[in-house]
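I'd like to ask some things about the structure below.
Letters A, B, ... are given to chains in the order of the sequence lines, protein chains preceding strands, and every chain is numbered from 1.
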Amino acid sequence: MHSASHRLNFDEHRTLFDPIANPKKGVTIAMGILVALSAWGALCYFLQWRYGLGASGLNQPVLWGFYITNFVFFIGISHAGTLISAILRMAQAEWRRPVTRMAEVITVAVLFIGAANILFDLGRPHKVYMPLFYGRYQSPLLWDAMSITSYLTASSVFLYIPLIPDIAILRDRFADRKWLHRFYQVLSFGWNGNPKQQKVLNVGIAIMSVVVIPIAVSVHTVISYIFSMTVQPMWHSTIFGPYFVCGAIFSGIAALIVMMVTLRRVYHLESYLKPIHFNYLGVLLLVMSLLWFYFTFSEYLTGFFGHEPSEMRVFWSKFTGPYAPFFWTMVFCNFVVPVIILSFKKLKTITGVLVASIAVLIGMWLERFTIIVPTLANPRLPYPSGIYFPSWVEWGIMLGSFSFFVFLYLLFSRFFPIISIWEVHEGKEVGVKEVEERVKSYLPESAANVST
Amino acid sequence: MTSQWSWNERKTFFWQVVLLVTFYTFIFGIVIWILRLIWLSWQLKDVFSASIAISLIAMPLFLFLLGVYNYVFWGILLNRGKSKKGGKD
């Protein structure tokens, strides 16, 4: 056995090895269903490829619908991961240990799907190579491509570096399975946990934690620029950057909670993901809900106060017009539900936090939808206003996108531990002592110590 | 690579280097793409300054990420020490 795992009792963390060693039949069936749904999405995309955007409900003046809504939504929930994980690591929050990996995987998985939705929006992507060869770097669309690529690269590195010790543990654990062992052997870079390697790893994680935060913030700011750099009514807003970042973190936390509750149940991770984790994340969700309401209120109040005719057409279409059901459901899901559930201790159970998170995910999707579609349906220029009905092809692609995300997540959990084994182990061995010393260092020294 | 390495260890090292080279290719592909767009904006007199401004952030960032990956890759690989069997882990 390599020294990477000589202090680790495999049986102690058996629950974490089980999804890899003894995959559950139910999970395999679920993955099969998800593949079928993803294939359905792929078939819908094939139809759109063949017949162009005529197969979708997109038409003048609403040329951005489900695809761009999904794009913004998916990139938003990607903030779960890296940002939350990086902040918790930098703050040395000890409760982060079983949470960070789950968050980081969300980021990498959804970024692929978010970016793919841009391709879906192109319809027949026969000119997709044009930005590669003739792109204009002063276009916010190209800034977006650049920021998402940098975020995906940074998130992948940030996921991989803390994964190396766990891969080494798996290499040792599955020494009897030839191909699996070889696979882990390549990916573990010869990790054996000696102090020099540990130092390199810690430095790598620390650097990435610092770097990834501004990248994550810039990504959603740049996404908001796609809208705010135009002079379309209710898009041309200076607070769109922070508003989008706030919404992204908000939906990211919700997605993380939903994943945590689901995997806790499926893989029996009750001893790792305890009520206190959901309690802390619930508090974060509540704070973000209040912040989201503040931004939404500011955004609509300033628009209303200006009373510009083209802005007001969009405003009323959301408040009392055809988009009112979506708008008010958004407010209900993003503010009313989470605030009521998360403010009362009795309601803030794991189930309660899950309900609030699902509501937030629905609400945040509707938020993206109500930002994009009503503005395009009521353009500033004297074009006729329009209404948008997504076609079954768009529904199919959307279903495929969500299914593929969950499939990628489950696929990861079939090959890698979804909870960081070495970090949990480290927390048990040295974390408790470290926290004690850290807390002592915050407190004033006793009179006896000062006098000496 | 030393002669002490077994065939299996050489194969493992080969695939590890393939991973590293893939990452290098990806990063330098992006850098070349950015340079190509800057060159194009220069040729077409199409707000060259804006292209330079964006690339001043993007290119160092990608190269920095490559640097971190390199640091971890070689830092772990070169510090693995000898295993009990006399070869490398």
Side-chain angles (χ1 to χ4, degrees), chain A residues 1-4 131-140 142-143 145-147 149-158 160-162 164-165 168 171-172 181-201 203-208 211-212 214-215 218 222, chain B residues 8-9 11-20 23 26-27 29-30 32-42 44 46-55 57-62 64-85 87-89:
Chain A
M1 191 185 291
H2 296 253
S3 54
L132 280 176
F133 296 105
Y134 307 108
R136 299 181 72 224
Y137 232 133
Q138 57 272 42
S139 158
L142 220 58
W143 304 350
M146 193 59 19
S147 62
T149 314
S150 63
Y151 189 39
L152 182 59
T153 313
S155 305
S156 305
V157 175
F158 192 52
Y160 187 57
I161 294 177
I164 293 170
R171 174 197 65 199
D172 302 345
H181 175 71
R182 194 161 288 173
F183 172 64
Y184 293 133
Q185 201 171 24
V186 170
L187 293 180
S188 64
F189 296 165
W191 174 269
N192 55 34
N194 67 47
K196 279 183 180 173
Q197 287 185 331
Q198 191 66 53
K199 193 185 165 195
V200 169
L201 189 89
V203 171
I205 293 174
I207 292 172
M208 285 310 297
V211 170
V212 93
I215 296 178
S218 71
V222 171
Chain B
N8 189 29
E9 286 161 350
K11 266 201 299 190
T12 303
F13 182 71
F14 169 77
W15 287 113
Q16 284 164 345
V17 170
V18 167
L19 278 179
L20 188 70
F23 197 61
F26 172 69
I27 297 291
I30 288 174
I32 290 167
W33 177 50
I34 293 171
L35 290 173
R36 146 94 198 166
L37 295 185
I38 292 172
W39 178 81
L40 195 69
S41 68
W42 172 261
L44 300 175
D46 187 17
V47 202
F48 173 68
S49 54
S51 302
I52 284 284
I54 305 294
S55 59
I57 303 166
M59 280 198 296
L61 178 66
F62 279 105
F64 182 78
L65 291 174
L66 180 66
V68 174
Y69 187 80
N70 251 308
Y71 169 74
V72 174
F73 180 88
W74 292 113
I76 291 176
L77 210 64
L78 297 177
N79 286 314
R80 61 190 155 165
K82 300 253 180 187
S83 72
K84 285 169 192 170
K85 291 169 191 168
K88 302 245 176 192
D89 277 330

Notebook entry, point to check: Under 3.5 Å, is there a donor-acceptor pair between the side chain of B/N79 and the main chain of A/N194?
Noted result: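 Checked: no pair found.
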Checklist line | Residue selection (most heavy-atom pairs with chain A, distance under 4.5 Å) from B/D46, B/V72, B/L65 | finding: B/D46
Margin query: Report which part of A/V186 has an atom under 4.5 Å of a heavy atom belonging to chain B: side chain, backbone, both, or neither.
Written below: both
Item checked: Contacting moiety of B/F73, where chain A heavy atoms sit under 4.5 Å ->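 For B/F73, heavy atoms of backbone and side chain both lie under 4.5 Å from chain A.
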Notebook entry, point to check: Is the closest side-chain heavy-atom distance between B/V68 and A/I161 below 4.5 Å?
Noted result: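 Result yes, sub-4.5 Å side-chain heavy-atom pair found.
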Check: For A/N192, does its backbone N or O pair with a side-chain atom of B/R80 as donor and acceptor, under 3.5 Å?
Finding: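 Not a single qualifying donor-acceptor pair exists.
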Margin query: Students often mix this up, so state it plainly: with edges at 30° and 60°, are the rings of A/F189 and B/Y69 parallel, tilted or perpendicular?
Written below: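 Ring orientation, 0 to 90° scale: perpendicular.
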Note to self: Could you walk me through whether B/L61 and A/T153 satisfy the side chain to side chain contact (heavy atoms under 4.5 Å, CB included) test, starting with their C-alpha distance in whole Å, then the side-chain angles of each, then the deciding distance to 0.1 Å, before giving a yes or no?
What the structure shows: CA-CA 10 Å; B/L61 178 66; A/T153 313; over 6 Å; no
Checklist line | Euclidean distance, A/Q197 CD relative to B/L77 CG, rounded to 0.5 Å | finding: 8.5 Å
Next item on the list: Pick one of side chain, backbone, both or neither for B/W15, based on which atoms fall under 4.5 Å of a heavy atom in chain A.
Entry: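 Interface part for B/W15: both.
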Checklist line | Proximity breakdown for B/L66 and chain A, heavy-atom pairs closer than 4.5 Å | finding: neither
Check: By a 4.5 Å heavy-atom criterion (distance strictly below it), what part of B/I76 contacts chain A: side chain, backbone, both, or neither?
Finding: both
Next item on the list: Below 4.5 Å from any heavy atom of chain B, which atoms of A/S156 appear? Answer side chain, backbone, both or neither.
Entry: neither
Note to self: Taking the side chain as everything from C-beta on, heavy atoms only, tell me whether B/N8 gets closer than 4.5 Å to A/Q185.
What the structure shows: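 Yes - at least one pair of side-chain heavy atoms lies under 4.5 Å apart.
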Item checked: 4.5 Å side-chain heavy-atom contact, B/L40 and A/Y137 -> no
Notebook entry, point to check: When rounded to the nearest 0.5 angstrom, what is the spacing between OH in A/Y134 and CG in B/L37?
Noted result: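 Rounded to the nearest 0.5 Å, the OH-CG separation comes to 11.5 Å.
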Next item on the list: Hey, could you give me the CZ/CE distance between B/F62 and A/M146, rounded to the nearest 0.5 Å?
Entry: 5.0 Å
Next item on the list: Any chance you could measure B/I57, atom CD1, to A/I215, atom CD1, to the nearest 0.5 Å?
Entry: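 So the gap between those two atoms works out to 11.5 Å.
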Margin query: Need one label for A/Y160: side chain, backbone, both or neither, based on atoms under 4.5 Å from any heavy atom in chain B.
Written below: side chain
Check: With a 4.5 angstrom heavy-atom cut-off, which part of B/T12 approaches chain A: side chain, backbone, both or neither?
Finding: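 Both backbone and side chain of B/T12 come within 4.5 Å of chain A.
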Note to self: Once rounded to the nearest 0.5 Å, what's the spacing between atom CE of B/M59 and atom OG of A/S150?
What the structure shows: 14.0 Å
Notebook entry, point to check: Which bit of B/L44 is near chain A, if near means a heavy-atom gap under 4.5 Å: side chain, backbone, both or neither?
Noted result: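 Neither part.
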Notebook entry, point to check: From A/M208 CE over to B/F64 CZ, what is the distance, rounded to the nearest 0.5 angstrom?
Noted result: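 Here the rounded value is 8.0 Å.
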